[in-house]
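Worksheet for the structure shown next.
What you see is a predicted model, and the numbers here were worked out from it, not measured in a lab. All values below were derived from every heavy atom in this structure, side-chain atoms included, with hydrogens, water molecules and symmetry-related copies excluded.
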Amino acid sequence: MKRIETKLRMPACAPAIQRRRLFSELDTQKQLSLISVIGDGGYGKTTFVASYIHKQQHPAVWYNLTGSDRYSHVFISYLKAGIMEKTANKRLSSMASPEDAEEELEELLSLLAVQKERLYIVLDDYQLVNQSPEIQSIMKQLLDYSSPFVTFIIISRVRPHLSVSRLKTEGKYREFTTADIAFTFSEIKEFFHSLHQLKLEAHELDLIYKKTEGWVASCQLILGIIDKMTVEERTRFWTDFPHVQDIYDYLSSEVFEAQPEEIREFLCQTSLLPELDPEVIDQLLGREDATLVLERLQREQLFITSDSGGMLRYHRLFRQFLYQKYKERVSVHLLQEQQLKLSSIYEARYQFLYAFVYAVVGKDYPAAVRLMEMISHRYNPIESMVFLDGWLEEMTLEENFANNTLFLIRCVPRSIIKQLTSEFEKNISLLKEKNSKLWLCSLQHRLATISLMNGELEKAKQLFLDSLRGAQRFQDMSMTALNFNLLAEIERYFGRHEEAVQHVKNSLFISEKYGQKHTQLHALDTLATICLDNQQLGEAEVHIQQALAIARQHDCSSLFFIYTTMGRLFRLKGQIDRSIQWGERAAAVAEEYNIDFDMGWSYSELGISYMEKRQWQKAESCLAKAYSAFQLFAYYRSKVIKSQIELYRRKQDQLQEKKKLEEFVQVCKEHHFYWEASSLESAENDTAKGEGKALLHIQALGAFQVFRKGEPVVIKRKASLRLLQFFITHRNKKIEKDILLDFLFPEGALEAVQNQFHVAISTLRKALEPDLQAGARSRFIRRTDQHYIFHPAEIDLDIEKFERLAIAGGEGDSPEKIQKLLAAEALYKGDYLEEYPYEPALEPDKERIRTLFLKVCRLLAFYYEQAGEYEKCFACFDKLISKDPYQEEVYFAYIKALLKKDREIEANRIVRQLTIHMEEEMGVNIKERVNQLFAAFNRSPLFIRN
């Protein structure tokens, strides 16, 4: 037999961190006969032992085992050769033959029995000979007869088949497992920071530690990828982590492919489980030997670990890898079937938290709601929710849990929402202290969603913005899209439709670019709702039909949202019966899920549809159900109360109307829903203080004028006048002092600007309230810390009346709503602050008010046309094109109405205006469409030629 020199060569020690905690443990146990270093591949077993021997300069024989060493004569020959060279500096000239094995073993035992100095014998890759009975027998004799100065170190991926009971009782055996040799957090930090001079942020180290669980090889693979990356490039890398191809290639070639097919199949199928319970596995897979298979996997150290309670699980990275392999092997349908089967198994075992998780992952949302109800009554609810918040992400593996956040929050029992909010706020503070930004945006999103549903819109908006910044930084596209969409919802509630549209279009673009179906359908629904707010029914219908198709295929739990929006669409189209049909479908879905929020959302819109049908009893019943369902959702309850006020007005039930009006005012004051309070006609104010008792009258539409007790108020200081206009624009909102300073005095030294500001605000207060003794007592301009707020409660403000009336008359064509639209039109004496056209800070509101006025005129024009009052209809169309001469659809609607009444000359006049503004100025070709319109009435336009 030819000797292979490298088999007795200790591996070179590449630069690595010093495993001081492990070295220290070895140094304190000098009299060990056997040390076993057992662990999965890639945990640095060989490097650990080699670096220890090298650092401590211990005499050692290093034997690199291969498959051929399972024969006794080969094993004995190499071991004897190594010992002779190390102890006697003598090289053996020949290797033993099989016939000489027994005699050679006797000589080997004699050598080791008389050893007088410390000697380590390292047997690396021992798993290659572990099954050999011959080697087992030899090792038993070596351990029994060797001198106390001899220590064997076995490095293996599996536990050696040796009886070590006697050695354990004598304190001569020490075993290092995967858990012992894995990198700790401090060692990971040392590996990247000290050894490789790569200064990672705290949240990056935290992510590596949690996901890799200290797997040494993964740190080396990660280093090879990120070593030359910029901070921004690393941020994008962490988004996909741990989906790292180099890590998966290692696991595939070194671990997975080395197993027989039946084990590979078992590994993939059980990757669904975060805990490897043999009974659950047998039920899931229809087998009876899971215990035996798991024992085999443990023996072979296949990346299996156990928690403090002894429950087995796969290493997180390995499970992630196996799950991806399983997805490659099975269909989406089969995967979902297995997840739902697991839900049933856990429910039968009374493990309702696990059952809930798998119901959500398997998209059986009605079952999930039913299980949540059981959880809320069975367990401590706050602990259950915190547990689920982490476990849902743990179990979904490849899926960003932004997709399920809204459903989870809707399921949460409202009775514990305050406790859950406090828990999230505490965790957010801890993450901020640790600068752990990667986890922060997810928690901020959850808390924002809770705040939104609670009606804390300002708080929700800030949290969504914070979460958005984090999601964008880490390239979390699903979370980014969802944050944009919910920000759009909030801006819509505030009446800021331009901002809402911008946010929702961002959400839709990201969703469609990255194939995020969940956020895509919600963005489409939100965009459709905004279109309905603006009477853009055709565009809304396109969006809602697309959302409906996606929801039916990908997210049935969101259908009630879509059905509700569809019902509103048909109501605005005047098709009330179809509106009610869709509303009833939405309510049926909500009833199936039995979630309070869903039922409140569905029944509130269905009640409005019944109201339009003048079915008062059904309307009242639906709104009562919505009111009850929204008991713990203050903001949405306020909207239901507003609908109830409208219902009782139409029924002329003044007693109930007054009660609901008082309740509405109370809810808005209690929760600071100032935008809602201002959108309702100010009957509550009139009731409380009487009409005409306002201290001030301000006209901001057209010429700007201020009156006090009928006398004009002159504000001579320009800065004070501009400040009042800014306050009116941002009334009822907290405004930081710095924002006011930037608006009034964009340039100048801080001290001088501060003085000028105090003079300006003092002058304004004195002008508005001549009898005011101290600024702190002002009725209108109040200060808290570094914020100012303008209260117009005792001011007759035309812009506020206009907005309230215009919005209240925005849907339907009941006499009450038409009266509100007419009143809004009468108030519009001109554009908002039209004498001050060059104030950029006021421009968004100027445009918004102008757009609202155009909407009022458009609604009135269509109403008069349907009512047959064509002169009033034409007057409204004239106002529209006079105010905005670039509304193509308005021109065509106007021309069509004129042709209906045989007003051909006037129709041609409008065609001429259309041609000038749209074709000559804008380059829009309108000839064919005009010809078609005139042809429909057997006419030919004078100003259009083919």
Side-chain angles (χ1 to χ4, degrees), residues 365-366 369 406 410 453 489 492-493 521-522 524-538 540-552 555-631 633 635-651 810-814 817:
Y365 294 111
V369 174
L406 182 58
R410 278 161 43 207
M453 298 180 80
E489 286 279 6
R492 176 181 163 256
Y493 293 150
L521 78 88
H522 282 287
L524 286 166
D525 182 56
T526 301
L527 189 55
T529 304
I530 295 170
C531 290
L532 294 179
D533 291 343
N534 294 320
Q535 298 293 314
Q536 299 166 327
L537 306 189
E541 187 165 12
V542 171
H543 298 317
I544 201 61
Q545 289 289 358
Q546 292 173 354
L548 180 60
I550 296 169
R552 283 173 170 165
D555 187 1
C556 291
S557 76
S558 295
L559 276 172
F560 79 97
F561 282 118
I562 315 302
Y563 290 166
T564 299
T565 309
M566 190 72 83
R568 187 182 172 210
L569 168 67
F570 283 109
R571 187 172 72 246
L572 292 177
K573 292 171 76 171
Q575 300 176 31
I576 306 302
D577 289 336
R578 294 192 67 185
S579 172
I580 290 172
Q581 288 172 4
W582 281 102
E584 288 175 340
R585 292 176 71 178
V589 173
E591 289 283 1
E592 179 187 3
Y593 284 77
N594 195 32
I595 297 177
D596 284 341
F597 182 85
D598 299 9
M599 288 191 286
W601 187 276
S602 305
Y603 278 115
S604 59
E605 280 293 327
L606 180 56
I608 296 171
S609 294
Y610 277 128
M611 197 191 323
E612 292 297 323
K613 188 74 172 176
R614 303 181 71 81
Q615 295 182 356
W616 307 128
Q617 189 173 352
K618 288 185 177 181
E620 189 169 10
S621 174
C622 286
L623 292 176
K625 287 181 180 179
Y627 179 86
S628 176
F630 279 149
Q631 272 301 306
F633 300 87
Y635 177 65
Y636 297 99
R637 189 171 82 251
S638 74
K639 296 177 79 66
V640 173
I641 296 171
K642 197 156 68 167
S643 296
Q644 289 176 316
I645 293 169
E646 178 65 20
L647 171 66
Y648 292 126
R649 279 182 179 171
R650 294 196 188 189
K651 288 180 64 179
E811 286 188 14
D813 56 0
S814 65
K817 293 195 174 183

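Side chain of Ser604 to backbone of Gly600: a donor-acceptor contact under 3.5 angstrom is found.
Counting heavy atoms from C-beta on, the side chains of Thr529 and Arg568 come closer than 4.5 Å. With contacts defined as side-chain heavy-atom distances shorter than 4.5 Å, the pair Cys531/His543 qualifies. Looking at Leu524 and Ile544, their side chains never come closer than 4.5 Å, going by heavy atoms from C-beta outward.
Checked against ring-ring contact (aromatic ring centres under 6.0 Å, His included), Tyr635 has the following partners two or more places apart in sequence or in another chain: Tyr493, Phe673, Trp675. Residues satisfying the ring-ring contact (aromatic ring centres under 6.0 Å, His included) test with Phe630, not counting sequence neighbours, are Phe597, Phe633, Tyr636. Partners of Arg614 according to the side-chain contact (heavy atoms from CB on, under 4.5 Å) rule, which considers only residues two or more places apart in sequence or in another chain, are Trp616. Remark: Ile530 pairs with Arg492, His497, Ala500, Val501, Val504, Thr526, Asn534 by the side-chain contact (heavy atoms from CB on, under 4.5 Å) rule, at least two apart or across chains. Every residue two or more places apart in sequence or in another chain that forms a side-chain contact (heavy atoms from CB on, under 4.5 Å) with Gln631 is listed here: Tyr627, Arg637.
Remark: Asp598 CG to Leu559 CG distance equals 11.0 Å, nearest 0.5 Å.
Between Glu612 and Arg650, at least one side-chain nitrogen of the basic residue sits less than 4.0 Å from a carboxylate oxygen of the acidic one, meeting the salt-bridge criterion. No salt bridge links Glu646 with Lys642; every basic N to acidic carboxylate O contact stays at or beyond 4.0 Å.
Counting only residues at least two apart or in different chains, salt bridge (charged side-chain N to carboxylate O under 4.0 Å, His left out) contacts with residues 572-584 comprise Glu541-Lys573, Asp577-Lys613.
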message: Between Tyr648 and Glu620, does the side-chain hydrogen bond (donor to acceptor under 3.5 Å, both in side chains) criterion hold? Intermediate values first, please.
response: CA-CA 9 Å; Tyr648 292 126; Glu620 189 169 10; 2.8 Å; yes

